[in-house]
Amino acid sequence: HHLILSHSISPLLLLLLLSMAYLLPSSFCCLPLTQSLHGVKLVTGSDNCLQPSLRSSLSKNFAFHAAFLPPVLMCRGGSALEEGTGQSKKGEKSAYAAAKSSDSISSRSFKAIGKALAIALTFLQPALPVPINDAVMNWTVGPAEAVLYSPDTRLPRTAEVALRRAIPAGNSAMKKIEDSLENVLYLLRIPQRKPYGTMGEAVNKALKLAVDERSSILAAVPVEQKDTGSELYESLIHGKEGLQPLVDAIIEKDPDKISFMLASSLDTVVQLELLQAPGLPYLLPGQYQEYPRLTGRATVEFVVEKGDGSTFTVSTGGGPQKVGTVEVVLDGYSAPLTSGNFANLVMEGKYDGMKLRATEQAVLSDNEFDESGSNVPLEIMPAGEFQPLYRATLNVQDGELPVLPLSVYGAVAMAHNPNSENYSASSQFFFYLYDKRSSGLGGLSFDEGQFSVFGYVTNGKELLAQLKTGDIIQSARLVSGADHLVLPINGSS
């Protein structure tokens, strides 16, 4: 019963192990459930069912779909799974009696089978190129469980991926190409035998789609940007770091070369998609029409300095630096009011000379009670929705997730209004220092879906951990995207 399992073992394999609990002697026990799923819960009758250390390890690493299990499943130590509707555990004694009877039939034979099965399952999963649970979870687990309980959740983990996925779909073919390349990016992270065949199929699919849909892709580009769009399209197909060379790199099975060319191709895809999305694809609610708003992307450059006269260590080298530069991309597609208010404050110089305050999880502008700027409502774009929600948080436990997740190192968000959590602070913002070690299920921050995230640090991330209370924003400048900022005629709201 001392069994070490891969963290990505599938629910089907766990079912097989649980089935052996009917057959094996009392020393072998079914695995515990730590979450209540689909009205099924664990009722524990004995703590001797599993050693505490192993029980703790399994509790942290496993969760599976309860639909695989019968309404009542007995464990030798006296644990039972029962329906969570409050119904009595009818038939429990007969199930237990049947299990006990099976022990007496051929204890030694079943024990040997159990050991062999456990050993086989222990080494089968790690040896496969992709997790077995991919095939099973896709049709057995709903979106909420897939996000919250799967260790292989594909939530954005970097600013680049989050910003890429947040671009509105100006052309369906481009989004399909992006999805195919994202899949290759995911497969490339597999540490064992990389599925180069699957990668090649995905890139060839993207290449064929790009060639077949050339007309629709270029038609989605505004007329004044046609020349730029055509150049980007040709670069995506035939460029030195385009899709065709990427196919060749996969054939060569060179992961470093694949990674480099894949990043370049995705960057070209992003540039094309941004050309295809020149404005907001939805109308703002009437009561917010007079607020400053950002109708696309913009970039803010912060120059920061140490308040105690010490220096920064920067990734580009060159020795200690008295000042550092932090670059933030604002996303007006998903948070037009929040990013518009922030961009307006930057242009007015409100953050120049402002002190910072550092905590374990964030670096905040030290202006909590400053009422400069607009009284902007909490603004969060849920994944799968067409426009943001206002004055409402997301229920992550029910599977609601934002397009711009907080669970990314360097996420930039507004603090809450001191007087109402339905509104953001008018000017106080923070850099979020995401740490997976202090996160919840699925690697999600415990504050996910509670703040208006409006951008991400794309350059200078290494400086965030070096910022301390008393350090200063020397200057903040809107270096690009000012043409996307729409201001009300009568000034800020």
Query raised in the report: Can you name the nearest heavy-atom pair linking Val408 to Thr158, along with the distance?
Result: CG1-C, 3.6 Å
Query raised in the report: Residues two or more places apart in sequence or in another chain: which of them pass salt bridge (Lys or Arg N to Asp or Glu O under 4.0 Å) with Asp212?
Result: Lys208
Query raised in the report: Taking only residues two or more places apart in sequence, or in another chain, which ones meet Asp179 in a side chain to side chain contact (heavy atoms under 4.5 Å, CB included)?
Result: none
**Report entry** NZ/NE/NH1/NH2 to OD/OE distance under 4.0 Å, Lys176 and Glu213
**Finding:** no
**Report entry** Pairs involving residues 378-390, ordered by first then second residue, that meet salt bridge (Lys or Arg N to Asp or Glu O under 4.0 Å) (sequence neighbours left out)
**Finding:** none
Report summary line: For Glu160, the salt bridge (Lys or Arg N to Asp or Glu O under 4.0 Å) test, sequence neighbours excluded, returns Lys461
Report task. Look up atom CG in Asn395 and atom OG1 in Thr393, then write down how far apart they are to the nearest 0.5 Å. Result -> 7.5 Å
**Report entry** Check: Leu389 and Leu394 side chains under 4.5 Å, non-hydrogen atoms
**Finding:** yes
Report task. Quick one: list whatever passes side chain to side chain contact (heavy atoms under 4.5 Å, CB included) with Lys257, sequence neighbours left out. Result -> Ala249, Glu252, Asp254, Met261
Report task. Quick one: closest heavy-atom pair of Val323 and Phe312, and the distance? Result -> C-CD1, 3.8 Å
Query raised in the report: What's the shortest heavy-atom distance between Leu406 and Glu448, and which atoms?
Result: N-OE2, 2.8 Å
Requested in this report: Indicate the atoms forming the closest heavy-atom contact of Ser445 with Tyr432, along with that distance.
Outcome: OG-OH, 2.8 Å
Query raised in the report: Around Gln289, counting heavy atoms of other residues, nucleotides and ligands shown, do more than 12 lie under 6.0 Å from its CD?
Result: yes
Query raised in the report: Counting heavy atoms not belonging to Asp227, are there more than 12 under 6.0 Å from its CG?
Result: no
Requested in this report: Would you please name every residue forming a salt bridge (Lys or Arg N to Asp or Glu O under 4.0 Å) with Arg391, sequence neighbours left out?
Outcome: none
Query - CA sep, side-chain torsions, deciding dist, call: Met381, Tyr282, side chain to side chain contact (heavy atoms under 4.5 Å, CB included) - result: CA-CA 12 Å; Met381 173 83 83; Tyr282 53 86; 3.9 Å; yes
Query - Partners meeting side chain to side chain contact (heavy atoms under 4.5 Å, CB included) with Glu201 (sequence neighbours left out) - result: none
Query raised in the report: Of all residues at least two apart in sequence or in a different chain, which pass the ring-ring contact (aromatic ring centres under 6.0 Å, His included) check with Phe430?
Result: Phe451
Query raised in the report: For Glu301, which residues count as a salt bridge (Lys or Arg N to Asp or Glu O under 4.0 Å) partner, sequence neighbours excluded?
Result: none
Report task. For Phe429, check ring-ring contact (aromatic ring centres under 6.0 Å, His included) against everything at least two apart and list the hits. Result -> Phe302, Phe342, Tyr351, Phe431
Query - Heavy-atom side-chain proximity of Leu464 to Tyr409 below 4.5 angstrom - result: yes
**Report entry** Student check: side-chain heavy atoms of Leu266 and Val270 closer than 4.5 Å
**Finding:** no
Query raised in the report: With a 3.5 Å cut-off and no angle check, do the side chains of Asp331 and Ser334 form a donor-acceptor pair?
Result: yes
Query raised in the report: Between Tyr390 and Leu337, does a side chain to side chain contact (heavy atoms under 4.5 Å, CB included) hold up when you go through it step by step?
Result: CA-CA 10 Å; Tyr390 292 98; Leu337 299 183; 3.5 Å; yes
Report summary line: Applying side chain to side chain contact (heavy atoms under 4.5 Å, CB included) to Glu327 and not counting sequence neighbours gives Thr299, Thr458, Asn459
Query raised in the report: Checking side chain to side chain contact (heavy atoms under 4.5 Å, CB included) for the pair His484/Leu330: CA distance, chi angles, key distance, verdict?
Result: CA-CA 11 Å; His484 295 145; Leu330 311 182; over 6 Å; no
Query raised in the report: If you draw a 6.0 Å radius around CD in Glu360, do more than 12 non-hydrogen atoms from other residues or ligands fall strictly inside?
Result: no
Report task. Output the distance between atom CD (Gln225) and atom CD (Gln271), rounded to the nearest 0.5 Å. Result -> 11.5 Å
Query raised in the report: Which atoms form the tightest heavy-atom contact between Pro336 and Leu280, and what is the distance?
Result: CB-CD1, 3.9 Å
Query raised in the report: Hey, does Val457 have a side-chain heavy atom less than 4.5 Å from the side chain of Leu463?
Result: no
Query raised in the report: Does any non-hydrogen side-chain atom of Ser452 lie less than 4.5 Å from one of Leu378?
Result: yes
Query raised in the report: Quick one: does Tyr196's side chain get under 4.5 Å of Ile258's, heavy atoms only?
Result: yes
Query - Ile473 CD1 to Leu356 CG distance, which is reported to the nearest 0.5 Å - result: 4.5 Å
Requested in this report: Give the minimum heavy-atom separation between Val326 and Gly460, together with the two atoms involved.
Outcome: CG2-O, 4.0 Å
Query raised in the report: What's the spacing between Asn183 CG and Thr198 OG1 if we round to 0.5 Å?
Result: 8.0 Å
Requested in this report: Kindly indicate whether the side chain of Met174, heavy atoms from C-beta on, has any atom under 4.5 Å from the side chain of Ile217.
Outcome: yes
For residues 232-244, run the donor-acceptor check on the side chains, cut-off 3.5 Å, and write out each pair with its distance to 0.1 Å, sequence neighbours left out.
from   : atom 1 : to     : atom 2 : distance (Å)
Tyr233 : OH     : Ala210 : O      : 2.7
Glu241 : OE1    : Ser264 : OG     : 2.9

Query - Leu218 side chain reached by Ser230 side chain, heavy atoms, under 4.5 Å - result: yes
**Report entry** Spacing of CZ belonging to Arg165 relative to CD belonging to Glu178, to within rounding of 0.5 Å
**Finding:** 8.0 Å
